[in-house]
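Notes to accompany the following structure.
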Amino acid sequence: MASGSTYSLSGGTTMTGVVAGDTIDDADFNNARANVEALLGTPADVTTGTIPAVQANIKGYGQGGAGVTTVTAGETIDATSANGFKDLQDDVQAICAFQGVTLRTNVGTDVTSSTTINATTWTNLMLNIQDVWNARFDAPSGIGLVGTTKSYSNTWTATLTNELSYTFASEAACRAWFNMGNGVGYNARITGSGYNAQTTNWASLLSSMSTVNLLHDTCEGSSGTNAGKGFYEMGTSYTLLWTKFGSGAYASNNIKIYGKVNSTTNPTVVTIKGDWADPYTAAAAAAADNAVGPDGVPGTGDDAAGYTDVINDGSAITTVLTAIRKNTDESTFGVIGNPTMAATNISVT
């Protein structure tokens, strides 16, 4: 049996490195193969709402599993067969390419029937499996944005709420999407012309926030406060994901992004909600003059100039549904169907 260093994987199968002179046991192949199977196979059935306690249990890209079978004691491991070493190399090479992980010495060179598989090749294959296991959520980000848009032309003065739904073909497709480092997002902007100061401040708020993406264990965005919650922390009621406030006289203006799933045990739909709140305007509406300009003081010259604090004065609100695919090299690895995207609700006051 292999006698080298021990390579532990949190939530995976421990492997042992090979040194020259070792007799290779069936477990030395099967343990490496088990970890590749766990990465490429059916996503683990982890109940959402439980991360980070079960972070180690989250795995599975939904790619059909390893391209090799297990071996038994006394069996010969061929270069290419049902239990071929070269086929296990192919799986590891594909995962490394998808994640952007560097192939170790000899792992990128396919063995053949005339190749001597030395200790370095065996051990580096295990080390690369450990590499991709630890990086299984970390495929390169920001690549392959896909999405659709929904425009609203509502004028509003206190609150606006909209919901964006992402529907996956199955529970496995949903889990695999997030396990592979993909996410679903919320992006909104105000377009048009004739902005008053209030609308201009909202446009700036949304622009600086940019896209908020829900990932497997957290969110990402350009500006604002991240609640640090991800897909696996979502329940069937909304969980706060992100908060972004306005500035200056409109510092109380804010948007809060929430997320939920349709089921914690069989999730197929992820819904993202944006709650837009304008307490500054709400207070102004209750004032006698019902109009406070950008200086925040009622009855001054900017009020007379037309700063009535109605949002969407001559502009349109566009909500952009975005799903982020972390790697566009789908011809080689990582084909998971995009979710169906829709704007499902809007309310204004």
Side-chain angles (χ1 to χ4, degrees), residues 1-46 52 54-139 176 179-181 332-334:
M1 186 170 182
S3 61
S5 300
T6 297
Y7 306 120
S8 299
L9 282 68
S10 179
T13 302
T14 298
M15 300 173 293
T16 304
V18 175
V19 298
D22 281 346
T23 298
I24 301 302
D25 203 342
D26 54 334
D28 297 317
F29 182 86
N30 289 341
N31 290 346
R33 183 258 176 204
N35 291 318
V36 173
E37 173 69 22
L39 276 175
L40 293 182
T42 301
D45 193 11
V46 176
V54 295
Q55 176 83 8
N57 296 337
I58 299 171
K59 60 186 79 79
Y61 284 177
Q63 300 296 308
V68 295
T69 61
T70 57
V71 298
T72 59
E75 190 173 355
T76 299
I77 299 173
D78 300 323
T80 303
S81 67
N83 54 16
F85 189 90
K86 183 263 184 187
D87 297 317
L88 190 60
Q89 280 183 294
D90 289 344
D91 287 338
V92 175
Q93 291 165 4
I95 302 172
C96 285
F98 175 72
Q99 295 180 357
V101 170
T102 300
L103 289 168
R104 293 175 181 263
T105 301
N106 295 351
V107 178
T109 302
D110 292 341
V111 301
T112 67
S113 57
S114 60
T115 301
T116 298
I117 306 174
N118 59 27
T120 298
T121 302
W122 270 101
T123 296
N124 281 348
L125 184 75
M126 295 178 187
L127 284 169
N128 255 152
I129 291 172
Q130 184 184 54
D131 293 337
V132 296
W133 185 275
N134 293 335
R136 64 190 183 276
F137 307 119
D138 300 331
N179 290 357
M180 294 173 72
T332 301
F333 180 75

Inset, instruction - Classify the side-chain pair N118/T121 by whether it contains a donor and acceptor separated by less than 3.5 Å. - result: yes

To the nearest 0.5 Å, what is the distance between [atom1] on [X] and [atom2] on [Y]?
X    : Y   : atom1 : atom2 : result
N31  : L9  : CG    : CG    : 10.5 Å
T16  : D25 : OG1   : CG    : 10.0 Å
D138 : F98 : CG    : CZ    : 10.5 Å
M126 : S5  : CE    : OG    : 11.0 Å

Inset, instruction - Would you please classify the geometry between the F85 ring and the F29 ring as parallel, tilted or perpendicular, with 30° and 60° separating the classes? - result: tilted

Below 3.5 Å, can you tabulate the donor-acceptor pairs from side chains in residues 66-73 to any protein atom, sequence neighbours excluded?
unit_1 : atom_1 : unit_2 : atom_2 : d
T69    : OG1    : A82    : O      : 3.2
T72    : OG1    : E75    : OE1    : 3.3

Is there side-chain contact between [X] and [Y], with heavy atoms separated by less than 4.5 Å?
X    : Y    : result
I117 : W122 : yes
V107 : V92  : yes
W133 : L39  : yes
M180 : F137 : no
L40  : V36  : yes
N35  : M15  : yes

Ignoring hydrogens and geometry, is there a side-chain-to-backbone donor-acceptor pair from [X] to [Y] under 3.5 Å?
X   : Y    : answer
D28 : I24  : no
Y61 : R136 : yes
D22 : V19  : yes

Legend entry - Listed once per pair and sorted, the salt bridge (Lys or Arg N to Asp or Glu O under 4.0 Å) pairs that draw on residues 92-102, sequence neighbours left out: none

Inset, instruction - For D110, check side chain to side chain contact (heavy atoms under 4.5 Å, CB included) against everything at least two apart and list the hits. - result: K86, Q89, D90, Q93

Legend entry - Carboxylate-amine/guanidinium proximity below 4.0 Å for R33 and D91: no

Inset, instruction - Using the side-chain contact (heavy atoms from CB on, under 4.5 Å) rule, pick out the option among N128, V132, L127 that qualifies with Q130. - result: L127

Inset, instruction - Check A38 against K59 and note the closest heavy-atom contact, atom names and distance. - result: CB-CD, 3.6 Å

